[in-house]
Amino acid sequence: MKRLLALFPSVRAADRRLLREGRLSGPMPWVLAIMLFLTTLAAAGGLALSQAAREIGGDLANRATVQIVQADAAARERQAAATLEVLRRDPAVTSADRVGAAEMATLLEPWLGAQGTDDLPLPVLIDVGLARADAVPALAAGLRTVAPDAGIDDHRAALAPVSRLIGTLRWLALAIVLLMVGATGFVVVLAAASALDTHRGTIDVLHLLGATDIQVARLFQRRIALDALFAGLIGLGAGVAVLALLGRQLAGLGSELVGSVSLPFWSGGVLVALPLATTLLAAATARWTVVRALGRLL
Amino acid sequence: MGSIVRFENVGLRYGSDGGSDGETLSDLNFALAPGAFYFLTGASGAGKTSLLRLLYLAQRPTRGVIQLFDEDVVTVPRERLPGFRRRIGVVFQDFRLIPYLSVYDNVALPLRVAGVEERDLDAPVREMLAWVGLASRSDALPATLSGGEQQRVAIARAVIGRPEILVADEPTGNVDPEMAGRLLHLFDALNRLGTTIVVATHDIHLLSRVSNAQTLRLEAGRLSDPTGALRYPPRTGA
Ligand SMILES: Nc1ncnc2c1ncn2[C@@H]1O[C@H](COP(=O)(O)OP(=O)(O)OP(=O)(O)O)[C@@H](O)[C@H]1O
Ligand SMILES: [Mg+2]
């Protein structure tokens with residue numbers, strides 16, 4: 001807090017008295033607090049989506065599954081062996097592991113029940129790790145000759161709609177944050193304009209006593225910045241409280257997919273930066289508004 | 001230095017696109033000598049306040065040249081104007097005290113604007129308040145003062161920065177004759193210290209109360225020269 005205050009040109013107590021009203025006068029701080037609250041939620045949403053997108057792009061996109069569907073068990077095993085051999089020779093493949101019988105049984109249990117899958121002609125599944133996500137078409141071509149019944153499933157293709165949705169939501173979150181920044185600017189311009197109106201008489205007198213535009217602007221800049229900082233901290237506090245509650249409830253769902261939604265460790269820094277950025281934005285906007293208005297005086 | 005203020009062919013017309021009602025001030029040509037004492041008289045509406053507003057840089061003339069301290073203030077860059085304003089003390093016709101500041105803080109304002117340190121400010125402010133007889137009211141708000149007391153605060157604020165020019169618009173309009181005399185005495189004392197004084201008034205009784213004061217007379221926006229103050233450079237007090 002001390003450090004932050006040091007960002008503002010120091011103003012003596014007497015100067016502060018020049019604009020009589022204290023903290024949190026008028027509706028501006030509360031409007032800013034609400035906007036900061038919403039911005040915090042939008043930013044947190046955007047960050048969580050970015051993290052999800054990274055996970056999809058990283059872990060999941062670099063995996064593929066080879067499936068060999070052949071009723072004749074001998075032919076199936078022959079093709080499986082040949083497929084594994086081809087895959088393990090390919091430099092684009094980092095790992096190729098056949099999904100074992102026990103694991104298959106577990107996977108299928110919800111659909112087939114526990115009464116055994118021994119007599120069913122189950123397909124062979126091979127879990128493939130890839131060095132490059134775009135290696136799948138070449139692998140499919142290579143497998144066609146040795147294992148005609150092998151099909152390769154590209155996770156990336158399967159996840160593409162999800163990726164697209166996440167991408168859109170991310171842009172939306174960013175757009176909301178940017179709109180909020182713009183709206184914050186407008187609110188500050190209005191607040192500065194109304195403060196200028198309220199203090200017209202004082203400003204005229206200061207001006208005629210030889211105060212420079214910057215001297216006058218500083219009075220407003222500091223007051224509006226402090227209002228914005230206070231509002232920002234309220235908005236951030238409320239936003240973080242809501243996020244913590246959401247996090248608890250998401251964890252309570254126990255779902256792996258939803259449970260994996262998380263914020264990267266540095267996102268706390270981004271969220272805390274929001275009120276600080278708002279404060280600086282408010283100070284700069286107030287200064288610009290006041291200097292521009294004073295420029296119209298002789 | 002010949003003159004501290006010089007007006008050449010100055011005209012002022014309110015309203016940007018020039019109304020049909022002509023100029024409020026026309027063809028002002030005069031020079032004020034440094035250290036002299038001037039009264040500016042004229043009927044109500046003759047343009048006294050308008051002329052003073054040009055002088056204390058609240059208003060730009062529509063035409064003509066205004067020189068202060070030998071510099072043309074009409075064409076000077078805007079960012080240099082505060083420097084000129086700090087050399088001019090003004091008593092506004094309507095006082096313009098800041099309503100939520102105490103008498104003390106109102107009087108201290110010019111020094112604070114000029115960046116005087118708090119510790120160097122108390123003595124001159126107290127001395128000034130004593131001089132205008134308001135030492136005991138330093139914590140009062142302007143609204144709790146009488147009209148005459150407010151006027152004295154305005155005067156204290158105008159002179160505390162030791163301006164080179166003091167411009168006072170009807171500074172005795174709200175006080176009894178005795179207080180008017182005391183205030184004129186204060187201006188006279190300031191004048192003896194070298195400040196050029198311009199006092200606008202329509203109280204012709206004041207004119208005789210300051211020895212060697214010059215009188216400028218405004219009639220419908222034009223200057224006449226009953227005492228020859230403009231034609232003959234006045235003797236400066238010292
Ligand atoms: N801001 C303004 N806009 C338009 N007209 C103005 C403005 N200020 C003054 N006037 C006009 O200019 C004329 C001169 O006004 P000014 O205030 O200079 O007179 P004055 O001599 O000071 O009068 P008084 O003795 O009553 O104070 C008046 O007709 C007035 O209506
Ligand atoms: Mg007047």
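Keep in mind that the numbers below use all heavy atoms, side chains included, and drop hydrogens, waters and symmetry copies. Order of the sequence lines sets the chain letters (A, B, ...), proteins ahead of strands, with each chain counted from 1.
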Nearest 0.5 Å please: distance from the [atom1] atom of [X] over to the [atom2] atom of [Y].
X      : Y      : atom1 : atom2 : value
A/L209 : B/I160 : CG    : CD1   : 11.5 Å
B/R78  : A/T212 : CZ    : OG1   : 10.0 Å
B/L81  : A/H207 : CG    : NE2   : 7.5 Å
A/L208 : B/I88  : CG    : CD1   : 10.0 Å

* For B/R162, look at atom CZ and say whether over 12 heavy atoms of other residues, nucleotides or ligands are found less than 6.0 Å away. =>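 Counting neighbours around CZ of B/R162, 12 or fewer heavy atoms of other residues, nucleotides or ligands fall under 6.0 Å, so no.
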Using distance only, find each side-chain donor-acceptor pair of residues 167-183 of chain A under 3.5 Å and give its atom names and separation, not counting sequence neighbours.
residue: A/T168; atom: OG1; partner: A/R164; partner atom: O; Å: 2.9
residue: A/R170; atom: NE; partner: A/S50; partner atom: OG; Å: 3.2

Need one label for [X]: side chain, backbone, both or neither, based on atoms under 4.5 Å from any heavy atom in chain A.
X     : value
B/F84 : neither
B/Q59 : backbone
B/R87 : neither

* Asked: Do you know which of B/R60, B/R157, B/E79 has the most heavy-atom pairs under 4.5 Å to chain A?
  ->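 Answer, by heavy-atom pair count under 4.5 Å with chain A: B/R60.
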* Listed by chain and number, what are the ring-ring contact (aromatic ring centres under 6.0 Å, His included) partners of B/F7, not counting sequence neighbours? ->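 B/F7: ring-ring contact (aromatic ring centres under 6.0 Å, His included) contacts with B/F30.
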* Asked: Looking only at heavy atoms, which two atoms of A/G210 and B/P82 are closest? And how far apart?
  ->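 Result for this residue pair: O-CB, 3.3 Å.
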* Specify the closest pair of heavy atoms between A/Q215 and B/V113, including all atoms of both residues, with the distance to one decimal. =>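 Of all heavy-atom pairs spanning A/Q215 and B/V113, the closest is NE2-O, 2.8 Å.
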